[in-house]
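What's counted below: heavy atoms across the whole structure, side chains too, no hydrogens, waters or symmetry copies. Indexing begins at 1, ligand by ligand and atom by atom, following the structure's order.
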Amino acid sequence: MKTAIVQVAVPGPFYQAFDYLQPSDWVEAPTLGARVLVTVRNKECVGIVVGFAEISHVPVAKLKWLLKTLDPEPLFDAPQRQFITWLAEYYHAPLGDLYYLALPIRLREGHAADSQAITVMRLTHKGRELLPEQLHRSLAQTALWTYLQSMPMGMPKRQLSALNHSAAALRALVQKGLVELLEQVPPIPVSQLTAALEANTAQQVAIDQTCAVLGQYHAFMLFGVTGSGKTEVYLQIITQVLARGEQALVLVPEIGLTPQTVARFTDRFGGVVLALHSGLSDKERLEAWLAAKTGRVQVLIGTRSALLVPFKALGLIIVDEEHDGSYKQQDGIRYNARDGAIVRAYQQHIPVILGSATPSLETWLNVVKGRYQVLRLPNRTLDAKPPAMHLIDLRSQPWANGLSTVLIEAMREQLSLGNQVLLFLNRRGFSSSLLCHSCGWSPHCSRCDSAFTCHTEPKKLACHHCGYETKWRYSCKVCDHPLTPMGTGTQRLSETLSQLFPDVPLQRIDRDSTKHKGSFDVMLAKIHQGQAQILVGTQMLAKGHHFPNVTLVGILQADSGLYSADFRAPERLAQLIVQVAGRAGRAEKTGAVYIQTLWPDHSMLQQLLKGGYEAFVEAALPERERACLPPYRFVALFGAEAKIDKRALDFLIRVREQLSLRAIHGLHLLGPVPAFKEKRAGYYRAQLWLQSKDRRVLSLALEHIQRYLTAHAKEARTVRCFIDIDPYQMD
Ligand code: ADP
Ligand code: ZN
Ligand code: ZN
């Protein structure tokens, strides 16, 4: 007799599925894409069936048995499995870990994939018209039928046994067409369904172009300035997707998933919209996952992990603010949901839209190369004018606590007119460090080798790299001299502003001030009602929010992005400036943007000012090409970290030697070098850069590395390694 081998993907650092034996008394084989219970290293765990085989490379005596089948039906259909397999191969990540990433926690724990959505049983028209004597032969059926007569709205099926009715009777009544079973979505409050706006010409072109390719793969870059009506375009395209009986997935950046965003979709589509946000309980997440899988939900809005949700009939993927860094996961499985969205759309033969006012250079190059089609929304709706941009040369300006006199005067004018002012500063806390002016000592986090940031609410020192916190210090540890705060964070800026403008209400928005759940939304509401006139904020204020009464935007510290070791820093700065500028003067009020800098002649700032984001891109792309950087080259980073100094670096030197022996054609190696931030949270970190024009070359090299790691597992145990494909942030 042939022994059936079932291949199961299990979580953990395993690059291949494990083989298990199917007990011979099992009548049926478990289905592909369903969960099974297995043992891994003597522990029970949930795995996913990914294949079958007749023989195993492992001796039969060593093989373990499957313990249990958990799903009668596959949780992952073939396209979904194909997509997850692609992710695992492309990102060199363990297959089982990817399946776990795609599973709600409840399903990882082995709970049933049962929908909480209730099945309702109700009499059909024929059933209501029936005369009782027609059922005379079955008491059980008559009893149920009589009961349902008194329940015109129907009754949940799960109450059947509680009310002592028989399941067989129900089946019989359904078979006779007297009773129907309805899947009832847990009721979601439906707000007023608003009508579509009348699209302007550019919007209509974008809508028509996309709708012309529904049902086939096509990638679009929707390039529209802030306020140009991108969201309206999404809504109208989704209307047509839903009309085809298909579903839409809308990915938004981490801070973009606000009640306001969700409200714009629910206002249009009502109860078929669902948001996958961090506030959901495990049960609710499971519910949302199942709702998408069974098609009960038609529009799913979520952050990057929503890309892995299964759909019954996915018809469109939208990636809003596609340039946003939060689409790239920076730890664990370092995948990029924007790039994954393209592949998923390709595999499922559906269109995908990448929308942004400031598209990434990667996406832009894909347009240049003809892989993506560009759709432009060049103008703001409602005739709102783009803001005027000014550079403030800090070299010729008195400034204190981050504010130049020019900016203070410009603020004074706008505030006196009753307008709102937004100041952007990408550093939270009070000051960037404390310094002893006598001997130069400053308090450092010993786990990260970097200065503590000072916070005043409450008063403490915090490490922004590892999260460690300690008491505020007043005097120098070395010479006892009093310590002075250096640099300005949002807390100090707010304090300075309250002294300068004591009567003007101020709202600070950063990760500290919005720590409590819901507080961000309260603050946004306050701003919209005009209860705050000065807004001070970090990144959080730069995205997606419309502040029609803001007429002045100040960017206080642009310079760190101009001269950074990270080649993407200028791109991020350009995006930030354009995005923050887009917050200003959205309605009838025209806005002005002031950028404080020590480098007013820097070419990037000049390009942005004179030609806008597009001019920046046109200058930045050739620069990347000359420097052999992405998007013209593919990069993978092999990182290592160890608790002992130099160990990670030494380990990478050996990895590099191994790779050099292979002499892989077209592969360029850089490093290993210590990471930019060499020590973090007690670990010394180093990285090796792999670069090539050809992705397959990188893939090949990484496979060699993985083989080397497996062969030298003992040595590798004292270092933690990771692979980062298309790394986004160098830190
Ligand atoms: P974006 O997503 O590009 O920032 P939005 O879709 O939020 O732009 O549109 C900005 C504002 O313009 C919103 O208040 C929206 O209601 C309005 N708007 C969008 N399209 C139209 C249109 N065709 N006619 C009138 N108003 C529009
Ligand atoms: Zn000192
Ligand atoms: Zn630290």
Side-chain angles (χ1 to χ4, degrees), residues 194-207 222-238 250 252-253 256 258 260-261 263-265 267-268 318-322 353-359 375-384 386 433-453 460-470 473-484 486 528 542-548 578-588 677-685 731:
T194 52
L197 300 170
E198 195 178 323
N200 61 36
T201 316
Q203 284 175 321
Q204 197 58 54
V205 169
I207 296 163
L222 179 61
F223 176 42
V225 297
T226 325
S228 59
K230 291 187 291 298
T231 311
E232 182 61 32
V233 168
Y234 302 152
L235 292 170
Q236 296 202 23
I237 296 169
I238 292 174
V250 182
V252 295
T258 62
Q260 286 92 328
T261 316
R264 285 190 72 178
F265 286 84
D267 284 352
R268 190 69 56 88
I318 290 168
V319 185
D320 192 28
E321 309 283 359
E322 67 86 27
I353 305 173
L354 309 182
S356 178
T358 54
L375 303 167
R376 283 172 190 269
L377 302 181
N379 303 312
R380 291 180 163 199
T381 57
L382 312 166
D383 289 332
S433 63
L434 288 173
L435 183 73
C436 170
H437 277 302
S438 168
C439 77
W441 181 83
S442 64
H444 269 63
C445 171
S446 60
R447 307 169 70 211
C448 303
D449 263 351
S450 58
F452 280 123
T453 306
K460 65 180 180 196
L461 301 178
C463 175
H464 284 190
H465 300 288
C466 71
Y468 179 78
E469 295 184 353
T470 183
R473 274 195 83 97
Y474 294 90
S475 59
C476 176
K477 185 172 151 190
V478 181
C479 70
D480 216 29
H481 195 271
L483 294 173
T484 322
M486 301 297 291
H528 282 289
K543 297 185 183 166
H545 308 290
H546 309 170
F547 304 119
V578 175
Q579 294 282 342
V580 179
R583 306 297 129 220
R586 299 207 39 174
E588 59 287 354
K677 183 106 214 23
E678 184 176 10
K679 199 177 171 197
R680 193 166 71 190
Y683 279 87
Y684 293 89
R685 310 171 331 128
D731 60 350

Which atom names give the shortest non-hydrogen contact between Pro253 and Glu321, and what distance separates them?
-> CG-CB, 3.5 Å

If we number the atoms of ligand 1 from 1 as shown, the ones under 4.0 Å from a heavy atom of Asn200 are 23 (N)

Counting each atom of ligand 1 from 1 as listed, which ones have a heavy atom of Gly229 under 4.0 Å away?
-> 1 (P), 3 (O), 5 (P), 6 (O), 8 (O), 9 (O), 19 (C)

Interatomic distance, Thr484 atom OG1 to Leu434 atom CG [nearest 0.5 angstrom] | 8.0 Å

Point-to-point distance, once rounded to the nearest 0.5 Å, from NZ of Lys679 to SG of Cys445 = 8.0 Å

Angle subtended at the Zn ion (ligand 2) by Cys476 SG and Cys436 SG, to the nearest 10 degrees, is 110°

Heavy-atom pair with the smallest gap, counting every atom of Glu322 and Pro359 | OE2-CA, 3.1 Å

Mark up the atoms of ligand 1 that fall under 4.0 Å of a heavy atom belonging to Ser228, in ascending order.
-> 3 (O), 8 (O)

Could you tell me the separation between the OG1 atom of Thr231 and the CZ atom of Phe265, rounded to the nearest 0.5 Å?
-> 6.5 Å

Taking only non-hydrogen atoms of Glu198 and a 4.0 Å limit, the atoms of ligand 1 in range are 22 (C), 23 (N), 24 (N)

Are any of the N or O atoms of Leu197 closer than 3.5 Å to those of ligand 1?
-> no

Taken to the nearest 0.5 Å, the spacing of Thr453 OG1 from Lys460 NZ works out to 10.5 Å

What is the minimum heavy-atom distance between Trp441 and Ser475, and which atoms define it?
-> CZ3-O, 4.5 Å

Please find out if the Zn ion (ligand 3) and some N, O or S atom of His464 are separated by less than 2.8 Å.
-> no

Between Arg264 and ligand 1, which residue portion shows a heavy-atom distance shorter than 4.0 Å: side chain, backbone, both, or neither?
-> side chain

Looking at the Zn ion (ligand 3), is one of the N, O or S atoms of His465 less than 2.8 Å from it?
-> no

Look up atom NZ in Lys230 and atom CD1 in Ile318, then write down how far apart they are to the nearest 0.5 Å.
-> 12.0 Å

So is Val225 close enough to ligand 1, meaning a heavy atom under 4.0 angstrom away?
-> yes

Is the closest heavy-atom distance from Ala199 to ligand 1 below 4.0 Å?
-> yes

One should read off an interatomic distance between Asn200 CG and Leu377 CG, to the nearest 0.5 angstrom, of 7.0 Å

Taking the Zn ion (ligand 2) as the vertex, what is the angle from SG of Cys479 to SG of Cys439, given to 10 degrees?
-> 120°

For SG in Cys445 and SG in Cys463, the angle at the Zn ion (ligand 3) (nearest 10°) is 110°

